[in-house]
Protein chains: 2
Amino acid sequence: MSTTLKDIAEKANVSIATASLALNNSEKVNHKTYEKVKKIAEELNYTPNARARALVKKATETIGLVIPEVENPFFAEMAQSIKNTIKESGYNLILCSTEYKSEEELRYINLFKSGLVDGAIFACLGDMMEEHNKMIIDLVKNNTPVVFVDREINNYTLIPVIKTDLFEGAYNIANYLINNGHKKIGFIGQSEERVEGYKKALSDNNIKINDNYIFYNFLTIEGGYKVGQKLLKLAKLPTAIICLNDEMAMGVIQSLTSANIKVPEDISIIGIDNIRMSEYYNPSLTTLHIPKKEMGKKAAEILLKRINREKLSSDEQLIIFPTELIVRKSSRTIN
Amino acid sequence: MSTTLKDIAEKANVSIATASLALNNSEKVNHKTYEKVKKIAEELNYTPNARARALVKKATETIGLVIPEVENPFFAEMAQSIKNTIKESGYNLILCSTEYKSEEELRYINLFKSGLVDGAIFACLGDMMEEHNKMIIDLVKNNTPVVFVDREINNYTLIPVIKTDLFEGAYNIANYLINNGHKKIGFIGQSEERVEGYKKALSDNNIKINDNYIFYNFLTIEGGYKVGQKLLKLAKLPTAIICLNDEMAMGVIQSLTSANIKVPEDISIIGIDNIRMSEYYNPSLTTLHIPKKEMGKKAAEILLKRINREKLSSDEQLIIFPTELIVRKSSRTIN
DNA sequence: GTGAAAGCGCTAACAT
DNA sequence: ATGTTAGCGCTTTCAC
């Protein structure tokens with residue numbers, strides 16, 4: 001069907017090997033034959049067969065990215081950054097979303113094991129982490145390098161980790177609120193480290209932790225909206241709420257606003273991530289900036305190094321990015 | 001490195017062929033050998049080499065999706081739907097974003113031509129369409145089926161098209177506004193068909209078209225924000241503005257709101273797409289619902305049919321999805 | 001039911 | 001500088 005190297009070789013009266021060399025710009029080949037082969041390839045509209053090349057080169061020039069969902073702006077922004085980084089080295093990205101399902105992650109691990117990608121970035125948390133991590137280690141040992149983003153493992157030499165300090169981030173947000181007069185501070189979202197940071201800030205400031213102020217739900221706007229509905233049933237609202245991501249924060253705000261509770265006048269809402277939208281929401285969101293683009297870029301760079309079998313220095317094996325609280329209009333100081 | 005069929009064949013004392021047959025659940029193979037081979041494969045933690053299989057099967061079980069950018073919620077939602085649809089048939093999605101650059105699209109066309117995917121969905125508009133379409137037709141003739149979403153071509157038999165009626169959608173929005181008392185209606189966004197629909201609605205209602213009320217910018221929140229800044233410099237604001245997508249609408253709203261212009265009291269803003277966020281924005285967005293999920297699903301189904309060489313009925317070659325105006329709080333009736 | 005052998009399209013020694 | 005050859009790991013006739 002499609003033209004192959006063989007077709008070209010025949011037409012140019014050279015061997016397949018020579019044709020291959022010529023098309024791969026080997027200097028070994030005579031300039032005249034080089035030109036001839038190139039010309040014929042052009043005429044025949046030749047494109048090398050990636051599948052065949054992948055088989056012999058043992059490489060697909062493709063890397064896999066596993067994230068919970070594409071619809072989540074945080075991961076979309078990170079994915080974009082990763083894609084742009086690897087593109088420069090001629091790699092393509094295969095985007096794999098798990099929809100927060102553990103089986104899906106497993107599917108991808110096996111897919112990668114089949115040699116579909118030259119390396120992978122995992123940016124997912126979830127159940128079965130220990131078991132899956134074992135399989136991922138297996139993958140790495142079978143020569144498919146992996147980098148983790150915001151995911152832990154006990155062996156950084158095998159799998160480098162790019163992250164921010166989740167505990168510290170939550171601590172800083174809570175601390176900021178406390179410094180601005182808040183004492184009744186709620187927290188929304190399921191993240192052990194984050195919750196610990198939040199609690200630590202409270203206890204460091206001698207504020208009693210009220211478990212009624214801690215909520216869980218999906219990390220989506222809808223999830224936030226639902227928590228908002230629950231909040232409304234509370235006898236007395238906290239004066240501030242920290243949300244695990246900006247989308248939840250928006251959901252909460254929407255929910256409260258609909259019930260005529262004003263943000264930030266009646267309650268301060270702070271998000272995490274600083275997604276593109278957060279600056280443009282009404283009110284614009286106070287949020288913890290996570291350098292997703294930079295993290296994605298770094299993860300991609302480290303992965304490419306790994307794929308090229310370059311050694312990583314020890315400070316490339318665990319990289320903790322700094323975060324920054326961006327104060328906008330969804331939070332305020334109280335007396 | 002990794003275990004191969006050969007390893008298994010040797011350990012099981014059968015030929016490679018038999019091992020292959022057994023693992024592919026052929027009925028030809030003796031039950032005992034079947035069991036033996038399966039067991040050994042399990043023990044050796046065998047995963048077939050996708051690259052080798054792809055070469056001989058001439059198929060990668062992967063399909064490509066070309067969109068402008070992942071960060072755009074419209075495409076993210078559609079991508080998710082496509083992914084979920086093809087997953088059921090065992091296919092994987094390779095997500096290709098062009099960042100609105102024509103060269104990027106070209107890159108992907110060539111990539112696909114190399115046999116990386118079994119089929120592709122193109123959901124991008126842009127420059128060089130005619131030239132690229134020729135190459136895409138070439139791709140199709142070389143046995144890589146393609147489906148277009150919101151993109152035109154003159155040969156539906158070769159490339160099926162899934163779309164909504166852009167003209168009609170814009171016409172309906174403008175008409176709705178007019179029916180609700182608006183006469184000074186602006187339009188933001190670069191889309192010939194949309195603009196035509198908008199203009200037709202105005203002229204059908206004997207409203208003079210004011211070119212000062214038509215703006216262009218990137219289809220992002222930032223783009224909308226910038227247009228908002230321009231609007232503020234106008235001698236008199238229109239009473240309503242139609243935006244080419246919801247993000248632009250949000251950007252415009254944010255921009256106007258910051259200048260103390262109230263939406264919808266002072267001006268009505270209507271978006272297009274009905275992205276997840278639009279319901280939760282403040283104010284919630286009046287917008288034209290585009291059934292992205294359904295469109296993505298249908299595109300995927302049609303593509304799979306094509307890949308499986310099933311014939312398409314003529315009404316599967318051009319599918320126009322209906323749209324629906326969702327009235328929320330960013331627009332109002334005036335006298 | 002099983003094995004031998006050919007071949008998918010390409011690359012990379014090695015020989016010439 | 002060019003051709004010969006051997007494979008990459010798998011599927012798939014075709015004999016046996």
Side-chain angles (χ1 to χ4, degrees), chain A residues 1-38 40-41 44-62 111-118 142-144, chain B residues 1-38 40-41 44-62 111-118 142-144:
Chain A
M1 190 94 240
S2 206
T3 64
T4 72
L5 250 195
K6 197 177 160 205
D7 301 332
I8 293 178
E10 278 170 7
K11 241 196 174 138
N13 276 317
V14 295
S15 73
I16 294 182
T18 308
S20 171
L21 287 177
L23 292 173
N24 287 300
N25 299 312
S26 164
E27 293 111 9
K28 294 205 262 176
V29 69
N30 180 306
H31 190 66
K32 255 183 162 173
T33 41
Y34 169 85
E35 298 257 282
K36 189 167 59 177
V37 170
K38 277 279 189 189
I40 291 177
L44 265 48
N45 198 7
Y46 171 74
T47 311
N49 184 316
R51 298 186 289 244
R53 179 177 273 168
L55 179 56
V56 31
K57 295 262 240 184
K58 294 181 188 310
T60 57
E61 315 253 87
T62 301
L111 191 67
F112 295 165
K113 197 169 164 236
S114 78
L116 198 77
V117 299
D118 297 348
N142 266 303
N143 226 347
T144 301
Chain B
M1 191 92 241
S2 206
T3 67
T4 72
L5 250 195
K6 198 176 159 206
D7 301 333
I8 293 179
E10 279 170 7
K11 245 202 169 133
N13 276 318
V14 295
S15 72
I16 294 181
T18 307
S20 171
L21 289 177
L23 292 174
N24 287 300
N25 300 312
S26 165
E27 292 113 8
K28 295 205 262 176
V29 69
N30 180 305
H31 190 67
K32 256 183 160 170
T33 40
Y34 169 85
E35 298 257 281
K36 189 167 60 176
V37 170
K38 278 279 189 189
I40 291 177
L44 264 48
N45 197 7
Y46 171 74
T47 309
N49 184 317
R51 297 186 290 244
R53 178 177 273 168
L55 179 57
V56 30
K57 294 262 238 183
K58 293 182 189 308
T60 57
E61 315 255 85
T62 301
L111 191 66
F112 295 166
K113 197 168 165 240
S114 77
L116 199 77
V117 298
D118 297 347
N142 266 303
N143 226 347
T144 302

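Naming: A, B, ... by sequence-line order, numbering from 1 per chain.
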inquiry  = B:Leu23: which residues meet the side chain to side chain contact (heavy atoms under 4.5 Å, CB included) condition with it, sequence neighbours left out?
reply    = B:Leu5, B:Ile8, B:Val37, B:Lys38, B:Ala41, B:Tyr46

request  = Kindly compute the distance separating CG (A:Leu116) from CG (B:Asn49), expressed to the nearest 0.5 Å.
outcome  = 10.0 Å

task = Check each residue of residues 8-17 of chain A for a non-hydrogen atom within less than 4.0 Å of any atom in DNA chain D, then write out the ones that pass by number, or none.
result = A:Asn13, A:Val14, A:Ser15, A:Ala17

query = Do any side-chain nitrogens or oxygens of B:Thr18 fall under 4.0 Å of OP1 or OP2 in C:dG1?
reply = no

remark   = B:Glu35 atom CD is separated from C:dG1 atom C1', nearest whole Å, by 16 Å

task = List for me each residue that meets ring pair (Phe, Tyr, Trp, His ring centres under 6.0 Å) alongside A:Tyr34, sequence neighbours excluded, and say none if there are none.
result = A:His31

task = Grab the two heavy atoms, one from B:Ser114 and one from A:Pro48, that are nearest each other, plus how far apart they are.
result = CB-O, 3.3 Å

With 3.5 Å as the limit, what N/O pairs link the protein to nucleotides 14-16 of chain C?
none

inquiry  = Taking side chain to side chain donor-acceptor pair (under 3.5 Å) as the definition, give me every residue that meets it alongside A:Lys113, ordered by chain and number, with sequence neighbours left out.
reply    = B:Asn45, B:Thr47

ask   = Mind checking which nucleotides bracket the chain B contacts on DNA chain D, 5' to 3', with an atom under 4.0 Å from a heavy atom?
value = D:dG9 to D:dT12

request  = Using heavy atoms to find the nearest nucleotide of DNA chain D for A:Leu21 and B:Leu21 separately, return the residue whose nucleotide is more 5′.
outcome  = A:Leu21

query = Between B:Tyr34 and C:dT2, does any side-chain N or O lie under 4.0 Å from OP1 or OP2?
reply = no

inquiry  = How long is the straight-line distance from OG1 of B:Thr62 back to CG of A:Leu111, given to the nearest 0.5 Å?
reply    = 7.0 Å

Positions of residues 47-62 of chain A (non-hydrogen atom under 4.0 Å from DNA chain D), listed by number = A:Leu55, A:Val56, A:Lys58

Rounded to 10 degrees, the angle between the two terminal axes of the helix from C:dG1-D:dC16 to C:dT16-D:dA1, each from five pairs = 40°

query = Measuring from A:Ile40:CD1 to A:Glu35:CD, what's the distance to the nearest 0.5 Å?
reply = 12.0 Å

Residue list, side chain to side chain donor-acceptor pair (under 3.5 Å) with B:Asp118, at least two apart or on another chain = B:Thr60

ask   = Once you round it to whole Å, what is the distance between C1' of C:dG3 and CG of B:Asn30?
value = 14 Å

task = In whole angstrom, give the distance that lies between atom NZ of B:Lys32 and atom P of C:dG1.
result = 14 Å

ask   = If you look only at pairs with a residue in residues 8-17 of chain A, which of them pass as a side-chain hydrogen bond (donor to acceptor under 3.5 Å, both in side chains), with sequence neighbours excluded?
value = A:Ser15-A:Thr18

ask   = With sequence neighbours excluded, what pairs up with B:Thr144 under the side chain to side chain donor-acceptor pair (under 3.5 Å) test?
value = none

ask   = What integer distance in Å separates A:Leu5:CG from C:dG7:C1'?
value = 16 Å

Between side-chain atoms of residues 52-59 of chain A and protein atoms elsewhere (two or more places apart, or another chain), which donor-acceptor pairs fall under 3.5 Å?
unit_1	atom_1	unit_2	atom_2	d
A:Arg53	NH2	A:Asn24	OD1	3.4

key: Check: A:Arg51 side chain, B:Arg51 main-chain N or O, donor-acceptor pair, under 3.5 Å   = no

note = Closest heavy-atom pair, B:Thr4 versus B:Asp7, reported as atoms and distance to 0.1 Å, is N-OD2, 2.8 Å

